Amino acid sequence: MSGHGVVLMFPDLQAVRAVLFGDPTASATSGAGAVALGRLVLDQQRQQVSWAGRVLPLTRLERDVLAALASPPLRVWTYQQLYEQVWGADYLDDASAVRSTVKRLRAKLREANATVAVESARGVGYSLVDASSHGRY
C-alpha cells in the first residue's frame, strides 16, 4: 500500500447522495457550470452569484434557494419542495426557515438593484420573476 488515497469534498449531504446514489433530487448547486438568467449568473463551481458582474454576498442557504428557483424549468416551488431541496431534510409543515431565507435574499437582490425578484405564490411558495417587466421569464 502506498498510503495515498482520494479525498472527496462535498458542500452538503445532498451532493454526496447525488454522487453515490445518482439521487435525482440532487440540488442544482451540486452540478458543474453556471446558470445565467439575463444579468444574474449562478456559478456553481465557485459557489457564488453575481448580478451585472458584481458578486452578491449571499449565504449558502440564500444561494441554494436562488439556485433552486433559477433551475429549469422556472416554476413555483412549494415551501416543502424548497425546504427539502435546500435543507435536505423532511419538511415539518413550518415554512419559517424558508420565509426567513427568502426575506434576506430579497433584500440583497434589491440592494444590488437586480431586476430579478422572488415572488410569493400566496400560501404555496415562491418563484423567480423578471421584476422589470413584472412577469415570469
Side-chain angles (χ1 to χ4, degrees):
M1 291 247 130
S2 67
H4 297 276
V6 176
V7 175
L8 300 175
M9 295 180 69
F10 297 93
D12 54 33
L13 184 57
Q14 200 164 17
V16 173
R17 287 183 183 140
V19 170
L20 294 177
F21 307 113
D23 187 349
T25 64
S27 167
T29 60
S30 64
V35 173
L37 291 172
R39 296 187 293 169
L40 179 71
V41 177
L42 294 96
D43 187 336
Q44 287 103 5
Q45 292 264 330
R46 294 184 180 175
Q47 292 292 300
Q48 69 183 21
V49 175
S50 61
W51 174 258
R54 180 178 158 230
V55 175
L56 303 179
L58 303 182
T59 66
R60 182 192 65 83
L61 290 174
E62 293 161 353
R63 195 173 52 247
D64 288 354
V65 165
L66 187 58
L69 293 172
S71 64
L74 294 179
R75 61 188 171 92
V76 173
W77 283 71
T78 66
Y79 301 120
Q80 178 177 353
Q81 290 168 330
L82 276 173
Y83 190 85
E84 290 175 355
Q85 178 82 7
V86 174
W87 280 263
D90 290 336
Y91 179 70
L92 300 175
D93 206 27
D94 179 10
S96 61
V98 177
R99 285 188 186 110
S100 176
T101 302
V102 167
K103 181 179 179 179
R104 292 189 314 272
L105 175 59
R106 283 175 166 162
K108 290 177 182 179
L109 289 171
R110 275 192 307 272
E111 186 178 305
N113 295 317
T115 60
V116 295
V118 179
E119 182 176 81
S120 294
R122 191 176 196 99
V124 178
Y126 299 101
S127 63
L128 194 63
V129 297
D130 180 356
S132 65
S133 67
H134 301 294
R136 299 194 188 289
Y137 282 95

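These figures come from a predicted structure and were not determined experimentally.
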What are the two closest non-hydrogen atoms of Tyr83 and Ala97, and how far apart are they?
CE1-CB, 4.2 Å
Who pairs with Glu111 by side-chain hydrogen bond (donor to acceptor under 3.5 Å, both in side chains), at least two apart in sequence or on another chain?
none
Indicate the atoms forming the closest heavy-atom contact of Ala112 with Leu56, along with that distance.
CB-CD2, 3.4 Å
Shared ILVMFWY cluster between Leu37 and Val41, side chains joined below 4.5 angstrom?
no
Shortest non-hydrogen pair, Gln45 vs Asp43, comes out as N-OD1, 3.0 Å
Would you say the side-chain atoms of Glu84 pair up with the backbone N or O of Gln81, donor to acceptor, closer than 3.5 Å?
no
Can you see which heavy atom on Gly53 is nearest to which on Ser50, and at what distance?
C-CB, 4.3 Å
What is the minimum heavy-atom distance between Ser127 and Arg75, and which atoms define it?
CB-O, 3.5 Å
With a 3.5 Å distance limit and no angle check, can you tell me whether Arg63 reaches the backbone of Val49 through a side-chain donor-acceptor pair?
no
Intermediate values then yes/no, side-chain contact (heavy atoms from CB on, under 4.5 Å), Tyr126 and Ser120:
CA-CA 5 Å; Tyr126 299 101; Ser120 294; 3.5 Å; yes
If you define the side chain from C-beta out and look only at heavy atoms, does anything of Val98 sit under 4.5 Å from Val65?
no
On a heavy-atom basis, which atom in Gly125 and which in Val76 lie closest, and how many Å separate them?
C-CG1, 4.5 Å
Distance col, row Arg106:CZ vs Thr101:OG1, nearest 0.5 angstrom, shows 12.0 Å
